[in-house]
Structure formats: structure tokens, C-alpha cells
Amino acid sequence: MQYWLMKSDPDTYGWPELLAEKDERDHWEGVRNYQARNFMRRMKVGDLAFFYHSVIKPLGIFGVVKIVREAYPDPTQFDPKSKYFDSRSKSADPRWSVVDVQKHESYDPPITLDELKQTPGLEDMLVLRKGQRLSIMPVTADEWKIVTGLRG
DNA sequence: GCCAACGTTGGC
DNA sequence: GCCAACGTTGGC
């Protein structure tokens, strides 16, 4: 069992968009960073991830998703009309992956970035590190326990 | 293979 | 809107 944090700009795709999907389930498209992609490829069915909003306030964790399907090719990389189109990616050897996620739990109100910063024990959490721009990052079991504990 | 230029991310 | 951080690109 592994834990993750998945970041999204809610202008592009936010927590309400996931909840509006059938079965509150969707694929996580558009990752175009190799390190983030490699983390995604390590995800297993049953892993849990925080759904984090960046850019638009309030910044923070809006809920938890469960990984329900492991990595498979991101269809948008082959779609010339998509902003995620990658002309160098070949179907025989797809460069980019998606996983499927499903809502597991909602945080209302969200756990804000400020709240995370004020919580003892999260000093080393990657999402709090300056300059950390990865859209997908691992969360330790200790950090997971502390954060989920904030909402009992 | 190096590294300067460039583009993007994302908190402030 | 600013700008630090940092990944990617491309000339050499």
C-alpha cells in the first residue's frame, strides 16, 4: 500500500469535475513530466492519493482518491487536437501514461496549504518544499496518518 | 555532453 | 503580476 499526492490546477480540472463523473471516477490525463509519470507507473490498485488544488485559492487537499486502474497509455498524447498532444510519442512505445482514480473521501472544508504548514510532523512533506513542482509525488505513511488525522 | 536560453509551474 | 525554481530544448 502506497500513498501519493496528485496536484491539479482547478481551472483545468478540479475536485468538482471528478465528482461530476460517472461513479466519481476518471482517468488522470496530461502528465508530461517524466518523474511524475514514473511515480504514476508505480501506482497499484488500492493505493490512495490526496487530490490537491494548486494555483486557485484555497490551495490545499480537497479529498482522497483511490487508484482503481494501473498505468496505461494516455490517449491525449495521440490526439492532435488535444493540448497534451505529443507528436514524438509513438503508439508502439507510448511515452505518457494515465491511471484511473475514484473518489474515496471528500474534505469539506479542504485541508489548506496553510493548515499543512502549521501541522507538526509535516516539515519534510514534499508538497511543502520550496521549488517542488512535481504534479505527482509520494507521501510517506507517517505523513498520510498525520494529514488524514486532521479530519478525524 | 555541456550549458545558455527558454518555457512552465506555482506560491506569494 | 512577479519571479524563483527547474525541466527541456537545441546549438555547439
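Reminder, nothing fancy here: chain letters follow the sequence lines and each chain counts from 1. Just the heavy atoms: all of them, side chains too, but no hydrogens, waters or symmetry mates, feed the values below.
- Rounded to whole Å, atom P of B:dG7 lies 14 Å from atom CZ of A:R133.
- Atom CZ of A:R129 is separated from atom C1' of B:dT9 by 18 Å (rounded to the nearest Å).
- Within the 4.0 angstrom heavy-atom criterion, only backbone atoms of the sugar-phosphate kind lie near A:N33; the bases stay farther away.
- In this model, a donor atom of one side chain and an acceptor atom of the other lie less than 3.5 Å apart for A:D74 and A:T76.
- Atoms OH (A:Y34) and P (B:dT9) sit 16 Å apart, rounded to a whole Å.
- The phosphate of B:dG11 has neither OP1 nor OP2 within less than 4.0 Å of any side-chain N or O from A:K130.
- In this structure a side-chain-to-backbone donor-acceptor pair under 3.5 Å is present from A:Q132 to A:L134.
- The distance between atom CH2 of A:W96 and atom C1' of C:dT8, rounded to the nearest whole Å, is 10 Å.
- When each of C:dG7, B:dC12, B:dG11 is scored by its nearest atom to the side-chain atoms of A:K117, the top-ranked nucleotide is B:dC12.
- Ring orientation note: the planes of A:F62 and A:H53 are close to parallel, at an angle under 30° on the 30°/60° scale.
- With rounding to whole Å, A:R95 atom CZ is found 17 Å from C:dG7 atom P.
- For the pair A:Y52 and B:dG11, the criterion of a side-chain N or O lying under 4.0 Å from OP1 or OP2 is met.
- Between the CD atom of A:Q132 and the P atom of C:dA4 there is a distance of 19 Å, rounded to whole Å.
- Atom NZ in A:K83 sits about 8 Å away from atom P in B:dT9, given to the nearest Å.
- By the 4.0 Å N-to-carboxylate-O rule, A:R32 lies too far from A:D86 to be salt-bridged with it.
- Ring pair A:Y3/A:W144 is parallel by interplanar angle, where below 30° counts as parallel and above 60° as perpendicular.
- An OP1 or OP2 oxygen of C:dT9 is reached within less than 4.0 angstrom by a side-chain nitrogen or oxygen of A:R88.
- Rounded to whole Å, atom P of B:dT9 lies 17 Å from atom CG of A:L5.
- Each of B:dT8, B:dG10, C:dT8 was ranked by its minimum atom distance to the side chain of A:S54; first place goes to B:dG10.
- Here the side chain of A:L113 is nearest to one of B:dG10, B:dT8, B:dC12, namely B:dC12.
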